[in-house]
Amino acid sequence: MNPTLSIAKEFSRTPGSRYRTESTFSGEEFRETCLKPRFLQAVEKGTKLTVVLDGTSGYATSFLEEAFGGLAREYGSEKALKHIDIISTEEKYLKDDIVEYITKANA
Amino acid sequence: MRKIYRETKYIRHSLRVSRKALKRRLRKKLKEKVFHRSIQGKPLSEVRNLKGRLSSFEITAPIKFEFLEHPEESTKFINLLESILKANRRVFVDMSKVEVIDHGAIASLLSVMFKFKSRKIDFNGNFPLNPEAARVVRESGFIFHLFENNSNKTKYTIGATNQMLTQVDEKLDPGLVDIVVQDSSISVWNSPQSCKGLYRVIIELIDNTREHAPYKKRERGSERWWLCINHDKANKKVSFVFLDYGIGIFASLADKPADHPISRLAKGWAQSFGMSASGEHLKSLVTTKLYETSSSKEGRGLGIYGIGQTMGRNQISNLHIISNNAYGNVDKKQYRRLNTGFNGTLFYWELCYNNEHQK
């Protein structure tokens, strides 16, 4: 079974904006403290990390772009897409948005 | 004998100067005479008020002081106030003739008067004579917010009808935004609901102010934002006004490098519509996903588009944007150029009963 990362349960129910300097629970903080370590574990084990977006108050585009686009900028879009799966039942369009952020991150 | 006392041209000059000085003295004397006659028999408090008004620059607010319906008149008035502020002059805001006023106008007036207060420049004013307009101003808490000691008002009182939040130079607290969203949903649907679009809009706007509004790039986070929240429980509607007095969307775009995609887009706008087509520029920003690098930073240009998306998904209603000399009613897809430029950015939107929400 693939490892799962729920943003609402493991990070915050109220995600903020892009950088740590701008807001609490920022995209940068999420990427560095939650997403990146779990992503690297998934890469090491050759599995996919399932990121669950449901259960929060909502997301700013800057948060999602910094978290997922930032990861892709560091490790490459291909690797990020290969090892990350997104689940978003409350806001279905977010999955497509995130895939786009990852794809275009180092285009 | 000195030259200035004997040569005709100098004598003529001196006579002209003294004639002008005499005229000024007589005018002042007459003004004082009229004023002193007018205060005869009046109570001391009224006399003080009149004296203060006499020494201030007096400006009259427009009869229809509405940013959404009459943006030009309202912008002109706010710009005049700003110019008085720049000149460090005392001001008296005469609102007596105002017949209609909206929350956008109140928020913008409050934000400018707040600058007078912070620069310790005296100001005064009166309430509209029209009872309905006066009620709107009183219920907005305008006076309370203006004379509040705390310059960063980030405490939201759950259940209060009209509130204003303002902040400068501090980290965004998403928890505060969450409380605003929850309380708004209670006003609309009678129970707390998840309104992800509303949450996104508020976070994006605060983020935009920090990122783009400051006059100097180095002073990031130095621009104050205002969020005015008005609950209309009877009509199951909450209206929001977000305002910042930064350089505005288009002025901030002008700072971009020539190879930046927005600059290329702006070049296209200029070719298609001419340089004055700011309404079309605004439309492009709301409907075009840019997603490109900006000054070597990647993944930018999504904020305003993201706000436009929430409108398209029916997560908010009646979105209006006014920035620099562009006006946009996103709901009705009406975009136009304003004859009077607005130094900043104003967003207005509503959360209504028919908007998308989750339990």
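In what follows, every heavy atom counts, from backbone to side chain, and hydrogens, waters and symmetry copies are set aside. Residue numbers begin at 1 in each chain, while the letters A, B, ... track the order of the sequences.
- Residue pairs that meet the side chain to side chain donor-acceptor pair (under 3.5 Å) test with at least one member in residues 39-52 of chain A, sequence neighbours left out, do not exist here.
- A donor-acceptor pair under 3.5 Å is absent between the side-chain atoms of E65(A) and the main chain of G70(A), judged by distance alone.
- Contact annotation for Y93(A): only side-chain heavy atoms (C-beta onward) come within less than 4.5 Å of a heavy atom of chain B.
- Sorted by first and then second residue, the pairs that involve residues 190-202 of chain B and meet salt bridge (charged side-chain N to carboxylate O under 4.0 Å, His left out), not counting sequence neighbours, are E90(A)-K196(B).
- Looking at T56(A), the atoms closer than 4.5 Å to chain B (heavy atoms on both sides) sit in the backbone and in the side chain alike.
- With a threshold of 4.5 angstrom between heavy atoms, Q193(B) does not approach chain A through any atom at all.
- No side-chain N or O of N314(B) forms a donor-acceptor pair with one of E356(B) less than 3.5 Å apart.
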